[in-house]
Visitor: 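Sharing a structure, written as structure tokens. Questions coming.
Keep in mind that the numbers below use all heavy atoms, side chains included, and drop hydrogens, waters and symmetry copies. Just so we're on the same page: letters track the sequence lines, and every chain starts at 1.
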2 protein chains.
Amino acid sequence: MKIGELARRSGLSAHTIRYYERIGLLPYADRDRSRQRDYDASILTWIDFLGRLKTTGMPIREMLRYAALREEGAGTEAERRLLLERHREQVRARVAELEACLLVLDTKIAGYADIEKRIEDHDAHQRTRRNQQAGARQAGSR
Amino acid sequence: MKIGELARRSGLSAHTIRYYERIGLLPYADRDRSRQRDYDASILTWIDFLGRLKTTGMPIREMLRYAALREEGAGTEAERRLLLERHREQVRARVAELEACLLVLDTKIAGYADIEKRIEDHDAHQRTRRNQQAGARQAGSR
DNA sequence: CATTGACTTGGAGTGCGCTCGAACTCGTAG
DNA sequence: CTACGAGTTCGAGCGCACTCCAAGTCAATG
């Protein structure tokens with residue numbers, strides 16, 4: 001698979017794939033006879049996992065640490081696990097934080113809904129009064 | 001309250017407070033006779049809410065829109081509410097996304113735990129074999 | 001009256017994560 | 001043979017959200 005296809009299938013741009021290789025997030029890719037990168041489908045699994053780390057806010061610095069341990073291979077499992085466990089805690093904390101903010105947002109939105117309702121009620125009241133006055137005029141004119 | 005105290009109480013740096021005022025996130029602060037900013041405690045509520053928006057990933061661009069509507073005052077409630085409702089949806093989506101990633105992390109971590117357990121078992125087995133061999137040698141030497 | 005420390009402004013610099021452009025090389029189709 | 005499309009490298013540029021610096025002002029204190 002060449003870089004264009006990998007780009008389409010991974011959702012990253014070719015630019016980004018080269019950038020990730022440059023900084024070491026993606027392993028140096030094998031080249032074909034004309035020095036073009038030639039990827040194995042298995043890279044997609046790794047890119048997908050990197051995407052999870054990114055989505056959950058892991059900085060590239062730390063992804064690099066993980067990628068380096070992975071390149072080192074067997075014997076680094078305990079450290080990789082520790083890294084992920086720590087990250088998981090941060091993600092959990094982030095979720096809790098977002099949920100707290102959601103409550104604040106709910107309250108704020110409810111506040112605006114109240115204001116809008118009061119304005120509607122006020123307008124309806126105004127209309128009622130005008131109608132009553134119009135009715136009174138009609139009644140008087142009879 | 002001067003900028004230093006506000007910085008301490010809000011958790012923002014004085015630099016950031018000035019920056020926020022410059023870009024319009026914070027209203028232009030009244031100055032005392034020596035042109036120093038003099039804040040009312042009520043600004044803390046606003047800064048706190050801005051913090052919530054920031055924490056939930058709202059870009060400054062959009063906070064500025066909200067801040068501008070707020071400055072405009074009455075009559076902009078419906079639009080402010082809409083803005084917050086849309087943002088709330090994005091935050092909810094983000095929480096869902098993070099939770100999906102947490103499941104992936106859990107799986108990955110469990111995978112490493114398995115590998116480590118297998119290694120331990122293997123080591124324990126090795127030790128047992130060595131002990132058995134040692135026992136056999138002892139028995140044979142009798 | 002000199003020093004200190006907290007403030008002022010305008011503008012430059014930083015770190016992150018890409019993103020893009022220029023100039024070039026290939027392999028294939030017409 | 002040439003034109004194309006997709007790839008290559010290297011380095012510059014960008015958007016975001018700060019963060020910091022230099023040079024100056026001011027009020028209070030020793």
Visitor: Counting only side-chain heavy atoms from C-beta out, which of C:dC18, D:dA17, C:dC16 sits nearest to A:Thr16?
Guide: C:dC18
Visitor: What integer distance in Å separates A:His15:NE2 from D:dG13:P?
Guide: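 That distance rounds to 16 Å.
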Visitor: Rounded to the nearest angstrom, tell me the gap between atom CE in A:Met63 and atom C1' in C:dG17.
Guide: 9 Å
Visitor: Is the backbone N or O of A:Met1 less than 3.5 Å from a side-chain atom of A:Asp38, with the two atoms forming a donor-acceptor pair by type?
Guide: yes
Visitor: Salt bridge between B:Glu77 and B:Arg81, side-chain N to carboxylate O under 4.0 Å?
Guide: no
Visitor: What is the distance, rounded to the nearest whole Å, between atom CG of A:Leu26 and atom P of C:dC18?
Guide: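 Between P of C:dC18 and CG of A:Leu26: 11 Å.
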Visitor: Please confirm whether the shortest side-chain N or O distance from A:Tyr20 to OP1 or OP2 of C:dG17 is below 4.0 Å.
Guide: no
Visitor: A:Ile3 CD1 to D:dA6 C1': how many Å, rounded?
Guide: 11 Å
Visitor: Calculate the interatomic distance between A:Arg18 atom CZ and C:dA22 atom C1'; express it in whole Å.
Guide: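 Spelled out: CZ on A:Arg18 to C1' on C:dA22 is 13 Å.
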Visitor: Can you check the B:Arg22 CZ to C:dA12 P distance for me, whole Å?
Guide: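 Computing the B:Arg22:CZ to C:dA12:P distance gives 12 Å.
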Visitor: Atom CG of B:Leu50 and atom C1' of D:dA17: how far apart are they, to the nearest Å?
Guide: 14 Å
Visitor: Any salt bridge linking B:Glu97 with B:Arg94? Criterion: basic side-chain nitrogen under 4.0 Å from a carboxylate oxygen.
Guide: yes
Visitor: If you define the side chain from C-beta out and look only at heavy atoms, does anything of A:Leu83 sit under 4.5 Å from A:Met58?
Guide: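 The answer is yes, as the side chains (C-beta and beyond) meet within the 4.5 Å cut-off.
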Visitor: Listed in order of residue number, which residues of residues 29-39 of chain A have a non-hydrogen atom at under 4.0 Å from DNA chain D?
Guide: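 Per residue number, the list reads A:Arg31, A:Arg35, A:Gln36, A:Arg37.
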Visitor: Can you tell me the distance, in whole Å, between the OH atom of B:Tyr19 and the C1' atom of D:dA17?
Guide: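 After rounding, the reported distance stands at 5 Å.
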Visitor: Please check the phosphate of C:dT8 (OP1 and OP2 only) for any side-chain N or O of B:Lys2 closer than 4.0 Å.
Guide: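 Negative; the distance criterion is not met.
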Visitor: Does the salt bridge (Lys or Arg N to Asp or Glu O under 4.0 Å) test come out yes or no for A:Lys117 and A:Asp121, once each step is laid out?
Guide: CA-CA 6 Å; A:Lys117 190 165 185 318; A:Asp121 287 357; 3.4 Å; yes
Visitor: Hey, does A:Lys2 have a side-chain heavy atom less than 4.5 Å from the side chain of A:Glu5?
Guide: no
Visitor: Taking the side chain as C-beta and beyond, is there a heavy-atom pair between A:Leu53 and A:Leu84 under 4.5 Å?
Guide: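 Sidechains of A:Leu84 and A:Leu53: in contact.
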Visitor: Charged N to carboxylate O below 4.0 Å: is that the case for A:Glu89 and A:Arg92?
Guide: yes
Visitor: Once you build an axis from the first five pairs and another from the last five of the helix from C:dC1-D:dG30 to C:dG30-D:dC1, how far apart in angle are they, to 10 degrees?
Guide: 30°
Visitor: Could you check whether the rings of A:Tyr66 and A:Phe49 sit parallel, tilted or perpendicular, using 30° and 60° as the cut-offs?
Guide: tilted
